[in-house]
2 protein chains.
Amino acid sequence: MPHDDAPLPSVWARPRAPRRPPALSREQIVTEAVRLLDSEGVDALSMRRLGARLDTAATSLYRHVANKEELIELAVDEVYGEMPTPGPGTPEGWRAAAAAGAREMRAVILRHPWIVSVLGEVGLAYLGPNMMRYSEGMLGVFTAAGFGLEDADRALGTLSAYVVGTATGEAAWLVKLARSGRTEAEWAAGLWPAAEAAARPYPLLSAFYTAQRGKVAPATRDADFDFGVARVLDGLEAWAGRGGG
Amino acid sequence: MPHDDAPLPSVWARPRAPRRPPALSREQIVTEAVRLLDSEGVDALSMRRLGARLDTAATSLYRHVANKEELIELAVDEVYGEMPTPGPGTPEGWRAAAAAGAREMRAVILRHPWIVSVLGEVGLAYLGPNMMRYSEGMLGVFTAAGFGLEDADRALGTLSAYVVGTATGEAAWLVKLARSGRTEAEWAAGLWPAAEAAARPYPLLSAFYTAQRGKVAPATRDADFDFGVARVLDGLEAWAGRGGG
DNA sequence: CGCCCGGCGCGAACGCCGTGCGCTACGGTG
DNA sequence: CACCGTAGCGCACGGCGTTCGCGCCGGGCG
């Protein structure tokens with residue numbers, strides 16, 4: 001049970017100068033926000049709850065962060081910091097380097113699936129330092145492969161769009177799954193009747209769903225992702241081989 | 001100025017059975033929600049405001065919709081209803097049909113840019129009837145091109161991921177733009193110093209930004225989108241030509 | 001040494017939000 | 001005419017983001 005924490009009259013109990021360092025920094029706030037988002041999801045992030053986790057009042061956070069939107073942008077770039085800098089990229093090895101960069105980005109998103117819930121407000125957070133570092137590395141991979149700067153940007157844009165789009169669907173699925181508290185197999189089984197009913201008017205979808213029944217595994221998602229990356233890189237490679245734009 | 005609408009004692013003014021039809025339907029609610037989202041954005045959608053627009057109380061909406069999340073899912077599928085059914089797709093013309101489907105999807109998202117703010121919660125809204133119809137059509141395009149059912153699904157997944165990823169970035173940009181009330185050129189000009197500063201440590205990004213200065217136009221976005229679609233389709237076509245998986 | 005000042009943390013408050021509860025009004029049914 | 005199921009809604013609860021102004025405190029300056 002919570003104890004009564006009304007101020008005690010005793011001198012002995014009075015804490016002496018408990019806060020020598022500024023007690024709060026933007027870095028701490030962002031770090032804790034990411035932790036909260038990771039563990040409880042995007043709906044659980046409120047200034048009050050975040051303040052409570054930092055043993056401070058919600059309003060104190062505003063000394064270090066303009067508003068919640070800015071906090072979220074900082075949190076997004078914070079997690080992008082987990083991506084290693086892509087590259088260096090050699091003329092022969094550029095496909096592997098680009099694919100590795102794509103996989104890293106997907107991995108980060110799936111480790112922090114709340115990110116896709118805010119991507120629509122933040123865009124791709126182009127200007128965050130970690131995103132910049134990543135983009136520079138990827139541009140290096142493509143230019144080393146012989147792409148001109150403008151072509152490298154379009155290649156990166158195409159690949160990144162694929163990654164974000166894939167990860168959006170995957171992360172949304174993972175979030176629903178986690179909220180449900182069930183295993184993936186249980187959840188899929190529970191969803192199946194609805195899916196089958198919704199697909200009934202459509203022969204191709206029905207055939208596909210019945211063929212796929214029971215095959216929903218993380219391995220399938222990984223393979224599907226790699227498939228898409230390979231096709232995108234194939235397309236970019238063929239285009240570069242034809243002389244590009 | 002708003003008039004006083006306290007109940008009048010006069011019999012003549014009393015409205016007689018003003019509500020013969022059920023006065024409210026799920027369809028009306030969803031339609032009005034989409035209108036509100038289109039005109040004022042995702043933050044403006046609240047049950048109270050939506051109720052006010054329908055001349056009803058917020059709580060009345062719950063007779064027709066389980067909760068806000070369900071309402072949003074319905075709204076998402078509602079806008080997907082704007083997409084024509086893709087197809088039919090001939091062995092020769094499958095690329096054009098697939099590209100048309102992709103363009104329609106992007107167009108819908110850009111017409112309703114709030115959708116990317118909720119896509120992370122809703123996933124790709126796989127089970128909505130309009131999304132099902134779209135998927136069936138696209139699967140038909142790919143199977144007519146000679147793809148097996150499973151391969152058609154992966155092709156569709158790859159292409160859709162690209163579309164969603166691209167549109168996410170574009171829509172987020174458009175929303176920020178609209179909220180700012182400035183023209184695209186003004187907004188880009190205002191953002192430029194920050195972008196340049198953020199890019200300064202990175203030679204490729206700096207070179208690219210300075211080269212691109214002033215070129216941000218809708219035409220560029222359209223061209224970039226078509227570029228990516230072409231590369232993805234190139235990749236899929238080459239893979240199918242090699243015999244697929 | 002004393003005083004002021006700038007910045008930090010915070011309590012209170014404002015105007016919203018989603019939604020559960022239980023009442024009322026009313027058309028259709030026996 | 002009594003009953004019942006249901007649509008609509010008033011109220012209330014707990015929580016939200018954010019603003020404002022106050023108190024506190026350490027450091028610089030007179």
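Below, read A as the first sequence line, B as the second, and so on, with proteins coming before strands; counting in each chain starts at 1. This one's a predicted model, so the numbers in the text were calculated from it and none came from an experiment.
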Please tabulate, one pair per line, all N/O donor-acceptor pairs under 3.5 Å involving side-chain atoms of residues 184-192 of chain A, not counting sequence neighbours.
{"unit_1": "A:Glu184", "atom_1": "OE2", "unit_2": "A:Trp173", "atom_2": "NE1", "d": "3.1"}
{"unit_1": "A:Glu184", "atom_1": "OE2", "unit_2": "A:Arg221", "atom_2": "NH1", "d": "2.7"}
{"unit_1": "A:Glu186", "atom_1": "OE1", "unit_2": "A:Thr183", "atom_2": "N", "d": "3.0"}

Self-check item: Option passing side-chain contact (heavy atoms from CB on, under 4.5 Å) with B:Thr56 (candidates B:Leu24, B:Ile29, B:Leu50)
Solution: B:Leu24
Rounded to whole angstroms, how far apart are [atom1] on [X] and [atom2] on [N]?
X: A:Asp55; N: C:dG9; atom1: CG; atom2: P; value: 13 Å
X: A:Arg63; N: D:dC25; atom1: CZ; atom2: C1'; value: 14 Å
X: A:Leu54; N: C:dC8; atom1: CG; atom2: P; value: 16 Å
X: B:Asn67; N: C:dG20; atom1: CG; atom2: P; value: 8 Å
X: A:Glu70; N: D:dT18; atom1: CD; atom2: C1'; value: 14 Å
X: A:Leu24; N: C:dG7; atom1: CG; atom2: C1'; value: 13 Å
X: B:Tyr62; N: C:dC21; atom1: OH; atom2: P; value: 13 Å
X: B:Lys68; N: C:dT19; atom1: NZ; atom2: P; value: 8 Å

Exercise. Identify, with sequence neighbours excluded, every residue that meets salt bridge (Lys or Arg N to Asp or Glu O under 4.0 Å) alongside A:Arg133.
Key: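 In terms of salt bridge (Lys or Arg N to Asp or Glu O under 4.0 Å), with neighbours along the sequence ignored, A:Arg133 is linked to no residue.
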Quiz item: When you check the phosphate oxygens OP1 and OP2 of D:dG8, does a side-chain N or O of B:Thr56 lie under 4.0 Å from one of them?
Solution: no
Quiz item: Given C:dC8, is OP1 or OP2 found less than 4.0 Å from the side-chain N or O atoms of A:His64?
Solution: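 No, A:His64 has no side-chain N/O under 4.0 Å of OP1/OP2 on C:dC8.
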Quiz item: For A:Glu73, what residues pass the side chain to side chain contact (heavy atoms under 4.5 Å, CB included) criterion, not counting sequence neighbours?
Solution: A:Glu69, A:Val122, B:Lys176
Practice problem: Would you please name every residue forming a side chain to side chain contact (heavy atoms under 4.5 Å, CB included) with B:Thr220, sequence neighbours left out? | Solution: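 Applying side chain to side chain contact (heavy atoms under 4.5 Å, CB included) to B:Thr220 gives B:Ala217, B:Asp224.
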Self-check item: For B:Phe225, ring-ring contact (aromatic ring centres under 6.0 Å, His included) partners two or more places apart
Solution: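 For B:Phe225, the residues satisfying ring-ring contact (aromatic ring centres under 6.0 Å, His included) (neighbours in sequence not counted) are B:Tyr162.
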Practice problem: Assess whether one donor atom and one acceptor atom, taken from the side chain of B:Thr59 and the base of D:dG8, lie less than 3.5 Å apart. | Solution: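 No, the side chain and the base share no sub-3.5 Å donor-acceptor pair.
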Quiz item: Quick one, which residues of residues 28-49 of chain A touch DNA chain D with a heavy atom under 4.0 Å?
Solution: A:Leu45, A:Ser46, A:Met47, A:Arg48, A:Arg49
Practice problem: Go through the side-chain N and O atoms of B:Glu82 and B:His112 and say whether any donor and acceptor fall under 3.5 Å apart. | Solution: yes
